[in-house]
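Down below is the structure, laid out as structure tokens.
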Amino acid sequence: MKVYVSLFVLIAALMSYMWRDTFDPDSVRGARVLITGASSGIGEQMAYHYAKFGAQIIITARRLEALKKVAQKCVKLGAQKMMYMTGDMSDPADPERVVKYAVEKLGGLDFLVLNHVGDTNVEFWNRDADHVRSLMQVNFVSYTQMTAAALPALETSAGSIIVVSSMAGKLASPFVAPYTSTKFAMNGFFGAMQSELAMQKSNVSVSIMILGLIDTESAMRKIRGFSTMTAYPASEAALSIIKAGASRQKEAYYPWFHYFTCLINNVFPFLKDLLLSGLSKDNKD
Ligand SMILES: NC(=O)c1ccc[n+]([C@@H]2O[C@H](COP(=O)([O-])OP(=O)(O)OC[C@H]3O[C@@H](n4cnc5c(N)ncnc54)[C@H](OP(=O)(O)O)[C@@H]3O)[C@@H](O)[C@H]2O)c1
């Protein structure tokens, strides 16, 4: 018994050491940041946090008026420099265009924050393979295009790529087959990139952020009637993403306990259906 208690204490101590908050706000003060999908939700909240830390920010999404509003608030919150540009990541030309604009306007880049996500329904897969293809462009291919375009600038600044992923990229999730596929692709691609960059002794870091359910307007609208799971605050999620990127963590979880959800799923895969038992078609309003 004593052995188990000691082992538990040792693991807990190691975990709290690994997950201690090493974030230094100075590391993002004046930093040149490009945030995608920042006209609403988690991206918008990240823009506000970066602004409070005094970063130089460019935000992008499709809706011009929404971007303008976010930018105005960022200026009030203390952004050193604040710009916005529209871009549609379903257009294969836009990812590179947006990055080029940001690098030119900011005179380089320290953080590329890839966060945008295309619209998809929460439902049993409706056999629409064209939707899978177009969602792949928005949620995944555009991420790789922006990364390719930004790498030279990030190599110059020893910068960071922050990828906003999901528990749906760790556990294949029902009702969101196209979405979950894009997030698995993202985790695979950027996980491979981490290894390749390490092998090349690159000074660029890649942080993959795994999020649980977050209370953004779009997420809450979509899961209504499908899930009784607790949703966590977008502002806190946004801050944890910024911290993970600034401290160059390879992978981080918000809420933190989802690290264990994934661990348990890997050991006991059959438990997934129990975990997701709150998701039921029958619960639909
Ligand atoms: N909320 C959650 O529960 C949750 C959980 C796990 C992971 N995540 C991840 O967190 C990230 C943000 O999610 P969120 O809930 O904040 O989403 P959201 O509120 O729906 O925001 C999505 C953003 O992406 C932009 N966007 C959508 N389609 C686009 C396109 N074709 N081209 C360019 N921009 C586009 C939207 O702006 P426009 O409409 O103006 O283009 C918006 O700014 C996503 O990567 C998502 O997968 C969220």
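Both ligands and their constituent atoms are indexed starting at 1 by order of listing. The model shown is predicted, which means the values in this text are computed figures rather than measured ones.
- Taking both residues in full, the closest heavy atoms of Ala79 and Ile57 are given as CB-CD1, 4.0 Å, listed atom of the first, atom of the second, then distance.
- Interface atoms of ligand 1 facing Leu213, defined by a heavy-atom separation under 4.0 Å, are 3 (O).
- One N or O on the side chain of Lys183 and one on the backbone of Val164 form a donor-acceptor pair closer than 3.5 Å.
- With salt bridges taken as basic N to acidic carboxylate O contacts below 4.0 Å, none links Asp88 and Arg97.
- Environment of OH in Tyr259: sparse, with no more than 12 heavy atoms of neighbouring residues, nucleotides or ligands closer than 6.0 Å.
- When only interatomic distances are considered, the shortest N/O to N/O separation between Ile42 and ligand 1 falls below 3.5 Å.
- Those atoms of ligand 1 that come under 4.0 Å of a heavy atom in Ala219, given as number and element, are 1 (N), 2 (C), 3 (O).
- Looking only at heavy atoms of the protein, atom 8 (N) of ligand 1 is closest to Tyr179 OH, 3.7 Å.
- Residue nearest to atom 10 (O) of ligand 1, selected from Thr120, Val117, Val164: Val164 (by heavy-atom distance).
- Shown here are the side chain to side chain contact (heavy atoms under 4.5 Å, CB included) partners of Lys68, two or more places apart in sequence or in another chain: Leu64, Glu65, Tyr84.
- By the 3.5 Å distance cut-off applied to N or O atoms, Ser166 is not counted among the residues near ligand 1.
- For ligand 1, the atoms sitting less than 4.0 Å from at least one non-hydrogen atom of Ser165 are 7 (C), numbered in the order shown with element in parentheses.
- The single protein non-hydrogen atom nearest to atom 1 (N) of ligand 1 is Thr216 OG1, 3.2 Å, given as residue, atom name and distance.
- The number of heavy-atom neighbours closer than 6.0 Å to CZ of Phe270, taken from other residues, nucleotides and ligands shown, is above 12.
- Atom 31 (N) of ligand 1 has Asp88 OD1, 2.9 Å as its closest protein atom, hydrogens excluded (heavy atom only).
- Atom 21 (O) of ligand 1 has as its closest protein heavy atom Ser40 OG, 3.4 Å.
- At least one donor-acceptor pair closer than 3.5 Å links the side chain of Thr36 to the backbone N or O of Asn115.
- When non-hydrogen atoms are compared, ligand 1 lies under 4.0 Å from the side chain of Ser218 (C-beta onward) but not from its backbone.
- Counting non-hydrogen atoms of neighbouring residues, nucleotides and ligands closer than 6.0 angstrom, the CZ atom of Arg20 exceeds 12 such neighbours.
- Among the atoms of Ile214, some N or O lies under 3.5 angstrom from an N or O of ligand 1.
- Here the heavy atom of the protein found nearest to atom 29 (C) of ligand 1 is Arg62 NE, 3.5 Å.
- Heavy-atom proximity to atom 44 (C) of ligand 1, evaluated over Thr86, Asn115, Ile241, is greatest for Asn115.
- Both the backbone and the side chain of Ser39 come within contact range of ligand 1, each with a heavy atom under 4.0 Å.
- Within the listing of ligand 1, atoms 16 (O), 19 (O) sit less than 4.0 angstrom from a heavy atom of Gly41.
- Residue-environment remark: CZ (Phe257) exceeds the threshold of 12 foreign heavy atoms within 6.0 Å.
- Of all the heavy atoms of Ala38, the ones lying under 4.0 Å from any atom of ligand 1 belong exclusively to the backbone.
- Scanning all protein heavy atoms for the shortest distance to atom 5 (C) of ligand 1 gives Gly212 O, 3.1 Å.
- Taking a cutoff of 4.0 Å between a charged side-chain nitrogen and a carboxylate oxygen, Glu96 and Lys100 qualify as a salt bridge.
- Contacts between Lys183 and ligand 1 below 4.0 angstrom, taking non-hydrogen atoms only, involve the side chain exclusively.
- For ligand 1, none of its N or O atoms has an N or O atom of Met167 under 3.5 Å away.
- Grouping the Ile, Leu, Val, Met, Phe, Trp and Tyr side chains by contacts below 4.5 angstrom, directly or via other members, places Ile208 with Met136.
- Interface atoms of ligand 1 facing Gly87, defined by a heavy-atom separation under 4.0 Å, are 32 (N), 33 (C).
- Within ligand 1, counting atoms from 1 as listed, the ones closer than 4.0 Å to a heavy atom of Met89 are 30 (C), 31 (N), 32 (N), 33 (C).
- The two residues Gly169 and Asn187 come nearest to each other via the heavy atoms O-ND2, 2.9 Å.
- For atom 25 (C) of ligand 1, the closest heavy atom belonging to the protein is Gly37 CA, 3.8 Å.
- Using a 4.5 Å cut-off between side-chain heavy atoms of Ile, Leu, Val, Met, Phe, Trp and Tyr, with links allowed through other members, Trp125 and Leu171 fall into different hydrophobic clusters.
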Given side-chain contact (heavy atoms from CB on, under 4.5 Å), test Asp119 with Lys222 step by step and report yes or no. CA-CA 10 Å; Asp119 199 24; Lys222 281 177 189 157; 3.0 Å; yes

